[in-house]
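Throughout, protein chains are lettered first and strands after them, A, B, ... in sequence-line order, and every chain is numbered starting at 1.
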Amino acid sequence: MQLKIATWNINSVRLRADLVCRFLDRWQPDILCLQETKCPEGLFPSVLFAARGYPHIAERGQAGYHGTAILSRLPIAEIASRQFCGKDDARHIAIRLAGDGLPWVHSLYVPAGGDLPDPALNPKFAHKIAFLDEMRSWLGNGLQDNAPHILTGDFNVAPLEHDVWSHRQLLKVVSHTPIETERLVAIMEGRSWHDVMRAHVPHTDKLYTWWSYRARDWVASDRGRRLDHIWLDSFYRRRRTALEVVRETRGWERSSDHVPVVVTLDL
DNA sequence: ATGGTAGCATAGCTA
């Protein structure tokens, strides 16, 4: 059995519901994890996605900000959601697929952290650091172990040198500062998470999932960052996988500034 | 060094 899993920071699921449908129709993932749905619970366009073959939906939303969801073709056995930093921000939802040995799949949205990379001066950055620290203990030993885990989402950190268009110029830019990248690497190593994207793309090659809206011409400047990730439990490390970063959607009219990451996994 | 764009609590916040 193959499992095709996609993650996409959609930056408003209601505004871009048609783009989600277009993506589902063409890429046909079994599971789509969404972040930044910006959609209060109850207003999620579930009917639209159910009609496309994704009737199994888990969502956690709030007005205006954040919001995560998971659309699935396969039945869901369990839904879980975690609170971070004592806030009720909608930044995480997870499903366990119904069936023996099938995994938990997580959709996670890490705080962006504001502009100034100093936790003493910028509360949003302090929140991001606290969030990453909490992630470390949660992902290290706080996960339910009744099934393997697949972690996806917008982690808002580009950990490796070639996860950004200019390592040197971004070392003091939030998303690529050592205080963040060292934490993300430590989280990954804490449970031997498998960075499946980088297993397919050499560390010396550029790899991005996000391009700013503020660029005059995002294609020409190509100043991207790899903010979105899919990590597999070490349980799956030796499995055959395939990867696609769907850069094409960034060029769709009124699209998200993030693009989908799609991983196919032999279960 | 600065400002650039986008979305939603439509006005100032977040990204």
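- Between A/Leu15 atom CG and B/dA15 atom P the separation is 18 Å, expressed in whole Å.
- Rounded to an integer number of Å, the gap from CG of A/Asp115 to C1' of B/dC13 is 12 Å.
- A/Arg216 comes within 4.0 angstrom of no nucleic acid atom, judged by non-hydrogen atoms across all strands.
- Using atom C1' as the reference point in both B/dT10 and B/dT14, the two lie 14 Å apart (nearest Å).
- In terms of phosphate contacts, A/Arg16 brings no side-chain nitrogen or oxygen within less than 4.0 Å of OP1 or OP2 of B/dA6.
- Between A/Ile10 atom CD1 and B/dA6 atom P the separation is 15 Å, expressed in whole Å.
- Going from the P atom of B/dA6 to that of B/dT2 covers 23 Å, rounded to whole Å.
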Practice prompt. Report the C-alpha separation of A/Lys4 and A/Asp30 in whole Å, then their side-chain angles, then the decisive distance to 0.1 Å, and conclude whether the salt bridge (charged side-chain N to carboxylate O under 4.0 Å, His left out) test is met.
Written response: CA-CA 5 Å; A/Lys4 190 172 185 181; A/Asp30 296 300; over 6 Å; no
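- Within the nucleic acid shown, A/Arg223 has no heavy atom closer than 4.0 Å to any nucleic acid atom.
- Atom CZ of A/Phe131 and atom P of B/dA15 are 12 Å apart (whole Å).
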Taking N or O atoms only and anything under 3.5 Å, show me the protein contacts with nucleotides 1-4 of chain B, one pair per line.
{"unit_1": "B/dG4", "atom_1": "O6", "unit_2": "A/Arg214", "atom_2": "NH1", "d": "3.1"}
{"unit_1": "B/dG4", "atom_1": "N1", "unit_2": "A/Arg214", "atom_2": "NH1", "d": "3.1"}

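- The nearest whole Å value for the distance from the CH2 atom in A/Trp211 to the P atom in B/dA15 is 21 Å.
- The shortest distance between the side-chain N/O atoms of A/Ser12 and the OP1/OP2 oxygens of B/dC8 is below 4.0 Å.
- Cluster partners of A/Leu43, using a side-chain heavy-atom cutoff of under 4.5 Å among ILVMFWY residues and allowing indirect links: none.
- The backbone N or O of A/His92 lies less than 3.5 Å from a partner atom in the side chain of A/Ser81, making a donor-acceptor pair.
- When the C1' atom is used for both B/dA11 and B/dA15, the distance is 16 Å, rounded to whole Å.
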Practice prompt. Apply ring pair (Phe, Tyr, Trp, His ring centres under 6.0 Å) to the pair A/His229 and A/Trp193, showing each step before the final yes or no.
Written response: CA-CA 11 Å; A/His229 300 268; A/Trp193 288 99; over 10 Å; no
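- Taking atom CG on A/Asp89 and atom P on B/dC13, their separation rounds to 17 Å, with Å as the unit.
- Among the heavy atoms of the strands, none lies under 4.0 Å from A/Arg250.
- Within 4.0 Å (heavy atoms only), A/Ala112 reaches sugar-phosphate atoms of the nucleic acid but no base atom.
- Straight-line distance from the CD atom of A/Glu253 to the C1' atom of B/dT5: 16 Å, rounded to whole Å.
- Taking the nucleotide of DNA chain B with the nearest heavy atom to each of A/Glu36 and A/Gln62, the more 5' of the two is matched to A/Gln62.
- When rounded to the nearest whole Å, the span between CH2 of A/Trp218 and C1' of B/dT5 equals 15 Å.
- Look at A/Arg14 and you won't find any side-chain N or O under 4.0 angstrom from OP1 or OP2 of B/dG7.
- Looking at residues two or more places apart in sequence or on another chain, you find a ring-ring contact (aromatic ring centres under 6.0 Å, His included) between A/His167 and A/His176.
- Between A/Trp231 and A/Phe155, the distance from one ring center to the other falls under 6.0 angstrom.
- Using a 4.0 Å cut-off between charged side-chain N and carboxylate O, A/Asp115 and A/Lys124 make no salt bridge.
- A salt bridge links A/Asp222 to A/Arg247: at least one charged side-chain nitrogen sits closer than 4.0 Å to a carboxylate oxygen.
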